[in-house]
Trainee: 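Provided herewith is a single structure, encoded as structure tokens, for subsequent inquiry.
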There are 2 protein chains.
Amino acid sequence: MRQEPPPPSPTLEDVAKAAGVSRATVSRVVNGIRNVDSALQDAVRQAIAATGYVPNRAARSLVTRRTGSVALVVSGADDESASFPVEVFTDPFFGRVVGGIVGFLRPRGIHPLLMFAETAEARAQVLTALRQGEADGALLVSTHAADPLPRLLAEAGLPAVLFARPAEPVPISYVDVDHRAGAKLAADHLVARGRKRIATISGPLDVPAARARLAGFRDAMAAHGHPFVPSAEGGFTAESGEQAMERLLAEHPGLDGVFVANDLMAQGALPVLRRHGLAVPDDVAVVGFDDSSAATSCRPPLTTVRHPVEDMAAEMARLLLEHVEQPEHRPASIIFEPALVVRASS
Amino acid sequence: MRQEPPPPSPTLEDVAKAAGVSRATVSRVVNGIRNVDSALQDAVRQAIAATGYVPNRAARSLVTRRTGSVALVVSGADDESASFPVEVFTDPFFGRVVGGIVGFLRPRGIHPLLMFAETAEARAQVLTALRQGEADGALLVSTHAADPLPRLLAEAGLPAVLFARPAEPVPISYVDVDHRAGAKLAADHLVARGRKRIATISGPLDVPAARARLAGFRDAMAAHGHPFVPSAEGGFTAESGEQAMERLLAEHPGLDGVFVANDLMAQGALPVLRRHGLAVPDDVAVVGFDDSSAATSCRPPLTTVRHPVEDMAAEMARLLLEHVEQPEHRPASIIFEPALVVRASS
DNA sequence: GACAACGGTGAGAGCGATCCCCGATCTCTG
DNA sequence: CAGAGATCGGGGATCGCTCTCACCGTTGTC
């Protein structure tokens with residue numbers, strides 16, 4: 001409220017006066033220059049430079065009903081610990097997401113607004129912020145498949161794009177990786193490594209991605225002449241991977257290759273193999289999925305299926321801006337091809 | 001622009017009509033309730049609930065000249081690689097900063113706007129964004145001491161708070177850790193461990209923090225009866241730590257303890273000790289500074305001096321809001337006490 | 001040569017909030 | 001019970017911008 005010395009920053013009006021034209025003309029020059037005489041354009045530009053004018057975003061937003069910024073929402077399940085942000089930020093995966101998003105948005109002069117939605121209260125705050133017009137839309141990265149936020153966003157009619165397909169069908173755009181193709185990469189790799197008795201640890205089968213990875217793996221193995229592939233269902237956590245590995249070994253002690261549907265479960269599975277006296281990769285080759293931080297911190301480091309995260313993140317941003325431009329646009333889903341990263345575990 | 005079906009969201013006017021009062025009264029209720037009859041308050045609240053009203057931030061900002069959001073600027077030197085954001089995000093340090101900032105801002109309904117300023121162009125973009133009123137002020141985390149952004153912000157008269165004291169004096173608020181006290185912790189620890197021939201690798205002595213750590217270490221050692229402490233100057237990088245360690249060993253082959261002024265240099269120093277056949281910590285105890293990701297990824301993990309990063313980050317946010325409220329407020333600097341984290345290297 | 005068409009410009013009406021200021025009501029005192 | 005003071009509510013101006021629309025001069029066409 002105090003505003004004694006700071007000279008009020010120049011407005012369109014001031015620039016118009018300095019250039020000897022009307023506000024409207026200055027506005028035209030500042031924005032997409034539409035039908036303005038080039039002599040006047042120069043005059044306006046000089047006046048802008050002379051006055052040091054910068055447009056006031058609030059005033060602009062008020063009339064355009066756009067803010068020109070987007071929210072980057074990191075959403076988790078409700079059981080997150082207090083150190084939630086730290087964990088997320090430490091994961092290279094999230095860094096890659098941010099990198100991809102920023103890489104796309106920055107040339108367009110857009111900065112992401114960082115929001116966390118790990119509790120019901122936080123989710124409500126995010127929705128309110130979005131409804132208030134703090135951002136034009138949301139880029140949502142969920143750490144859990146059963147995140148309720150996608151549905152809430154869709155119901156509120158707020159433009160949003162998800163990283164990964166939501167567990168329940170929600171009319172909302174998302175980018176995802178081709179899980180089937182990724183699983184096929186793993187299958188082809190294990191077979192190429194000469195493995196004969198190959199099994200898999202799947203994710204929770206109520207998660208679409210987990211089903212797709214399992215189906216893709218089975219199809220690929222069938223194509224390689226292995227119509228039946230033993231499998232154990234896990235829950236995408238390290239402990240569940242541990243248990244699933246135990247079950248698999250109990251039933252198929254002779255296996256020499258495992259495709260584990262995510263790195264975290266693989267991280268849990270490795271010690272189990274070791275305990276059973278099985279060397280990785282000599283006795284059993286292990287392939288994970290995600291190329292998360294777990295993959296590199298494992299011993300041995302994990303061969304895994306890597307998402308083109310940066311590209312996916314950039315596409316999220318592109319999609320979101322498209323939706324902001326054209327609200328009537330139908331939800332879209334863009335699928336990306338994964339790549340195999342070969343490390344010491346296979 | 002297209003806006004066919006979406007019913008225009010209710011405005012203050014609508015709520016006022018529904019409640020049978022004036023806009024001003026509704027506004028009073030929505031904001032700090034000042035002198036509004038409680039019966040009317042209830043009526044207004046009901047009307048708000050009934051209409052589903054949410055205030056329009058743009059309109060509010062236009063008159064209050066506040067956005068109610070702050071920028072979190074991650075600033076680097078110009079030589080940063082293209083993968084800049086990824087690297088930063090992977091460092092737990094930054095996660096802790098974000099955690100501290102978010103922890104403070106969230107209860108106040110404020111979301112940080114994420115900006116990167118690793119090139120001159122990016123810096124200009126940040127300044128423009130701030131001048132346009134995209135955020136009320138900036139929280140600046142520099143990865144390099146010689147960052148030009150603090151000065152630019154100060155000159156533009158934009159509210160800002162730095163993490164760590166700037167290399168050159170700039171009239172701007174900052175939080176920092178008590179480097180002298182941290183160095184003293186390291187000194188006390190090494191002495192307590194029974195080390196007798198203690199040396200130190202300092203940071204670049206044109207950086208205030210490096211000078212303070214060296215001075216603090218020397219003072220503390222002097223108090224322990226070691227008036228002379230051998231030292232070698234490094235540049236806060238792993239390679240410089242390596243070279244400094246070589247120099248130290250060449251001159252003082254019998255040393256049994258080293259305080260290295262940051263973890264990165266310590267990371268470089270460890271292999272040198274190993275190459276010289278010196279075991280850590282048995283032959284030489286090593287203490288770092290920062291508790292960065294380098295500290296835990298070292299072999300052995302590093303005993304180090306840890307900043308209370310979360311507290312510092314929260315204080316940054318608090319200071320910034322204070323400056324936004326009271327622009328005439330003088331720059332302040334708040335100093336925090338570090339703590340020693342003992343790991344295997346000492 | 002007159003009329004239509006069109007590119008270029010300016011005037012003015014908002015966008016949706018805040019807040020100043022004045023008038024109305026209420027309360028308390030002499 | 002009247003008047004002063006305090007409290008409370010409403011009207012209206014205002015923030016800085018965009019955008020519609022009307023206007024004007026020029027050019028093209030029949």
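The basis for the numbers below is simple: all heavy atoms, side chains too, and nothing from hydrogens, waters or symmetry mates. Naming: A, B, ... by sequence-line order, numbering from 1 per chain.
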Trainee: I need the CD-P distance between B/Q132 and D/dC17, as an integer number of Å.
Mentor: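 Result: 10 Å.
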
Trainee: Can A/R123 and A/D147 be said to form a side-chain contact (heavy atoms from CB on, under 4.5 Å), step by step?
Mentor: CA-CA 10 Å; A/R123 271 190 291 278; A/D147 186 5; 4.2 Å; yes

Trainee: Which residue, A/V26 or B/G20, contacts DNA chain D at a nucleotide closer to its 5' end, judged by nearest heavy atom?
Mentor: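 The answer here is B/G20.
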
Trainee: Within the distance-only criterion (no hydrogens, no angle test), does the side chain of A/D136 pair as donor or acceptor with the backbone N or O of A/V324 below 3.5 angstrom?
Mentor: no

Trainee: On the ring face of B/F104, is B/R108 found with NZ or CZ under 6.0 Å from the centre and within 45° of the axis?
Mentor: yes

Trainee: At 10 degrees resolution, what angle do the end axes of the helix from C/dG1-D/dC30 to C/dG30-D/dC1 form when each is taken over five base pairs?
Mentor: 40°

Trainee: Please determine, by modelled atom types, if A/T51 and A/D14 share a side-chain donor-acceptor pair under 3.5 angstrom.
Mentor: no

Trainee: Which residues, if any, of residues 46-57 of chain B bring a heavy atom under 4.0 Å of DNA chain C?
Mentor: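 By residue number: B/Y53, B/V54, B/P55, B/N56.
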
Trainee: Please state how far atom CG in A/D14 lies from atom P in D/dG16, giving the value in whole angstrom units.
Mentor: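 It works out to 8 Å between those atoms.
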
Trainee: Within this structure, what is the CD-to-P distance between A/Q41 and C/dG7, rounded to whole angstrom?
Mentor: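 Nearest whole value for this atom pair: 16 Å.
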
Trainee: With side-chain contact (heavy atoms from CB on, under 4.5 Å) as the criterion, how do A/F94 and A/V309 come out once you've worked through the C-alpha distance, each side chain's angles and the decisive distance to 0.1 Å?
Mentor: CA-CA 9 Å; A/F94 189 65; A/V309 175; over 6 Å; no

Trainee: With heavy atoms under 4.0 Å as the rule, sort A/V21 into base, sugar-phosphate or nothing.
Mentor: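 Contact class for A/V21: sugar-phosphate only.
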
Trainee: When the distance from CZ of A/R65 to P of D/dC17 is rounded to whole Å, what number comes out?
Mentor: 18 Å

Trainee: Do A/L162 and A/P166 have side chains that approach each other closer than 4.5 Å (heavy atoms only, starting at C-beta)?
Mentor: yes

Trainee: Looking at A/E134 and B/R60, is there a salt bridge between them, counting it only when a charged N and a carboxylate O are closer than 4.0 Å?
Mentor: no

Trainee: Has A/Q41 got a side-chain atom pairing as donor or acceptor with A/V36's backbone, closer than 3.5 angstrom?
Mentor: yes

Trainee: Quick check on C/dT18: is either OP1 or OP2 less than 4.0 Å from any side-chain nitrogen or oxygen of B/S27?
Mentor: yes

Trainee: Please state how far atom CG in A/L62 lies from atom C1' in C/dG16, giving the value in whole angstrom units.
Mentor: 5 Å

Trainee: Tabulate atom names and distances for all N/O pairs under 3.5 angstrom spanning the protein and nucleotides 11-14 of chain D.
Mentor:
unit_1	atom_1	unit_2	atom_2	d
D/dG12	N7	B/R23	NH2	3.1
D/dG12	O6	B/R23	NH2	2.9
D/dA13	N6	B/R23	NH2	3.1

Trainee: Would you say B/F163 and B/L140 make side-chain contact, with heavy atoms under 4.5 Å?
Mentor: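 No; the side chains remain at least 4.5 Å from each other.
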
Trainee: Using whole Å, report how far CG of A/D37 lies from C1' of D/dC24.
Mentor: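 After rounding, the reported distance stands at 15 Å.
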
Trainee: In whole angstrom, give the distance that lies between atom CD of B/E13 and atom C1' of D/dG10.
Mentor: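 Rounding to the nearest Å, CD of B/E13 and C1' of D/dG10 are 11 Å apart.
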
Trainee: Please report, rounded to the nearest Å, how far the C1' atom of D/dC17 is from the CZ atom of A/R66.
Mentor: 15 Å

Trainee: Tell me whether A/E322 is salt-bridged to A/R318, with the criterion being a basic N under 4.0 Å from an acidic carboxylate O.
Mentor: yes

Trainee: Working to the nearest 0.5 Å, report the span between CG of B/L320 and CD1 of B/I110.
Mentor: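 Separation between the atoms: 8.5 Å.
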
